[in-house]
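Nothing fancy with the numbering, it's 1 onward along the sequence.
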Amino acid sequence: MITKEATPVAPAPQAADPAPPRPKKHQRAWDEVPRWHIYLPLSIYLVFTLIPFYWILLFALRPSGSTSLVPWPMTFDHFEKVWTERSFGTYFENSVLVGVATLVMTTLVALAGGYALARFNFKVKRAFMLGLLCSQFVPGALLLVPLFEIFAELQMINSLTSVIIAETVFQLPLSIILISNFIKNVPYSLEEAAWVDGCNRFTAFRIVVLPLLRPGLIAVGSFAFVHSWNHFLFALMFLNNQDKQTIPVGLNTLMGADSVDLGALAAGGIIAAVPVVIVFAFIQKWLITGFSAGAVKG
């Protein structure tokens with residue numbers, strides 16, 4: 001029997017590998033902004049920001065009656081005048097007391113209220129949150145008359161305690177919201193693990209949760225301090241004696257009806273601004289982290 005030998009089939013030709021793409025010259029993407037588009041507006045903004053500060057330093061450091069654009073010869077007579085003759089030393093102490101007390105009270109109450117909103121569910125929770133948000137639309141000037149009546153009945157007029165309570169009440173809504181959102185970002189399982197290890201709720205919060213809230217607490221506390229340091233209306237309305245006034249009211253006394261001592265006013269403004277600048281210089285990292293984390297919905 002004759003068998004027909006199979007004809008070998010030639011393998012199909014393989015497709016040639018695609019040629020590697022030729023390197024293209026670097027081209028700027030359409031969405032990439034040139035550097036000068038960023039630096040030019042920032043430089044203009046920086047100039048307009050620094051000119052007022054330089055003008056304040058100029059009036060505070062140059063002698064009275066001088067019209068020079070350079071503070072030379074330099075003098076500190078204006079600082080000595082406002083600190084001793086205009087009682088800015090007393091104003092400074094009162095402002096520090098009000099600011100620190102407001103910081104502590106706001107942080108403690110906001111910490112308790114924020115934890116309750118973040119960890120507990122109750123019937124009026126949504127209504128309470130809505131009330132906190134709506135209270136931010138109420139200007140502080142509308143609270144002057146009712147607060148004055150309340151403090152007058154309690155015989156707290158002309159007392160720094162009245163200003164501290166008013167500032168704390170004014171700062172609490174926003175502070176509670178920020179702390180609540182910050183606590184929501186802390187995993188609840190961390191507290192549960194502490195409970196399993198034998199801790200009660202307060203101990204678990206103090207050991208586990210509280211160290212993680214440091215940026216939020218710094219943000220809330222610094223915001224409360226700066227606002228109470230710069231606030232003018234509450235101190236003006238609730239404090240009558242000169243030895244009880246704060247720095248914003250003291251600055252207002254430097255402006256007379258017929259004339260203004262620009263040198264003393266500039267020196268007082270620098271005294272008022274230096275503590276705030278120092279606070280922000282040390283806590284700016286924590287401040288940005290705290291506000292950004294507190295703004296995230298948990």
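- One distance of note links CD1 of Ile56 with CD1 of Ile51; it measures 12.5 Å at 0.5 Å rounding.
- Phe92 and Phe88 have their aromatic ring centers separated by at least 6.0 angstrom.
- By the 4.5 Å heavy-atom criterion applied to side chains, Leu160 and Leu97 are counted as neighbours.
- At least one donor-acceptor pair closer than 3.5 Å links the side chain of Lys125 to the backbone N or O of Leu117.
- In this structure, Ser222 OG and Trp229 CH2 are separated by 14.5 Å, a value rounded to the nearest 0.5 Å.
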Apply side-chain contact (heavy atoms from CB on, under 4.5 Å) to the pair Lys244 and Asn241, showing each step before the final yes or no. CA-CA 5 Å; Lys244 298 289 185 179; Asn241 294 346; 4.2 Å; yes
Please assess Leu217 against Leu210 for the test side-chain contact (heavy atoms from CB on, under 4.5 Å), listing each intermediate value before the final yes or no. CA-CA 9 Å; Leu217 295 178; Leu210 191 58; 3.8 Å; yes
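- Annotation: side chain of Phe238 is in contact with side chain of Leu147 (closest heavy-atom distance under 4.5 Å).
- For Thr203 (side chain) and Cys199 (main-chain N/O), no donor-acceptor pair under 3.5 Å exists by modelled atom type.
- Other residues, nucleotides and ligands contribute only 12 or fewer heavy atoms inside 6.0 Å of the CH2 atom of Trp55.
- With hydrogens and angles ignored, the 3.5 Å screen pairs no side-chain donor or acceptor of Thr106 with any backbone N or O of Leu103.
- With Asn240 contributing its side chain and Asn158 its backbone, the two residues share no donor-acceptor pair below 3.5 Å.
- A single hydrophobic cluster is not seen to contain both Ile165 and Ile176; linkage of ILVMFWY side chains at heavy-atom distances under 4.5 Å, directly or through other members, places them apart.
- In plain terms, the two heavy atoms of Val249 and Ala235 that are nearest each other are CG2-CB, 3.8 Å.
- Val276 and Ile218 end up in the same hydrophobic cluster when Ile, Leu, Val, Met, Phe, Trp and Tyr side chains are linked at under 4.5 Å.
- For the atom pair NE2 of His231 and CG of Leu236, the computed distance is 10.5 Å after rounding to the nearest 0.5 Å.
- Pairing each heavy atom of Phe170 with each of Val138, the nearest pair is CE1-O, 4.2 Å.
- Around CZ of Phe202, the count of heavy atoms belonging to other residues, nucleotides or ligands within 6.0 Å does not exceed 12.
- Here the closest non-hydrogen pair linking Pro211 and Arg206 is CD-O, 3.5 Å.
- The shortest side-chain heavy-atom distance between Thr75 and Leu61 does not fall under the 4.5 Å cut-off.
- Looking at Ile247 and Asn94, their side chains never come closer than 4.5 Å, going by heavy atoms from C-beta outward.
- Residue Gln242 qualifies as open at atom CD: its count of foreign heavy atoms under 6.0 Å is 12 or below.
- Residues Ser180 and Ile183 have side chains not in contact (no heavy-atom distance under 4.5 Å, counting atoms from C-beta outward).
- Considering all non-hydrogen atoms of both residues, Leu172 and Ala110 come closest at CD2-N, 3.9 Å.
- Here the shortest heavy-atom pairing between Thr90 and Asp243 reads CG2-O, 3.5 Å.
- A chain of hydrophobic side-chain contacts below 4.5 Å, direct or via other Ile, Leu, Val, Met, Phe, Trp or Tyr residues, connects Phe225 to Ile271.
- With rounding to the nearest 0.5 angstrom, the OG atom of Ser135 is 9.0 Å from the CG atom of Leu174.
- A 4.5 Å side-chain heavy-atom check between Leu251 and Phe232 finds every atom pair outside the cut-off.
- Around the CZ atom of Phe53, the shell of radius 6.0 Å holds no more than 12 heavy atoms that belong to other residues, nucleotides or ligands.
- Cation-pi geometry between Arg62 and Phe59 is met: under 6.0 angstrom from the ring centre, within 45 degrees of the axis.
- In terms of modelled atom types and a separation under 3.5 Å, the side chain of Glu191 and the main chain of Val209 share no donor-acceptor contact.
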Where do Met237 and Val145 land on the side-chain contact (heavy atoms from CB on, under 4.5 Å) test, with the steps shown first? CA-CA 9 Å; Met237 290 295 297; Val145 174; over 6 Å; no
Phe205 and Trp195: ring pair (Phe, Tyr, Trp, His ring centres under 6.0 Å), yes or no, with the steps? CA-CA 10 Å; Phe205 172 78; Trp195 298 343; over 10 Å; no
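- Under the 3.5 Å distance criterion, the side-chain polar atoms of Thr102 are left unmatched by any main-chain donor or acceptor of Gly99.
- Cluster membership check: Val98 does not share its hydrophobic cluster with Val96, using side-chain heavy-atom separations under 4.5 Å among Ile, Leu, Val, Met, Phe, Trp and Tyr.
- In this structure, CD on Glu167 lies 9.5 Å from CG on Leu233, to the nearest 0.5 angstrom.
- Within 6.0 Å of CZ in Phe120 there are more than 12 heavy atoms belonging to other residues, nucleotides or ligands.
- Side-chain contact check for Tyr91 versus Thr246: every heavy-atom pair is 4.5 Å or farther apart.
- From Tyr54, atom OH reaches atom CG of Leu57 across 8.5 Å, with rounding to the nearest 0.5 Å.
- Put simply, the side chain of Thr49 gets close to the backbone of Tyr45: a donor and an acceptor are under 3.5 Å apart.
- Counting all heavy atoms, side chain and backbone alike, Ala267 lies closest to Val82 at CB-CG2, 4.2 Å.
- Under the 4.5 Å side-chain heavy-atom criterion for ILVMFWY residues, a single connected hydrophobic cluster contains both Tyr115 and Leu190.
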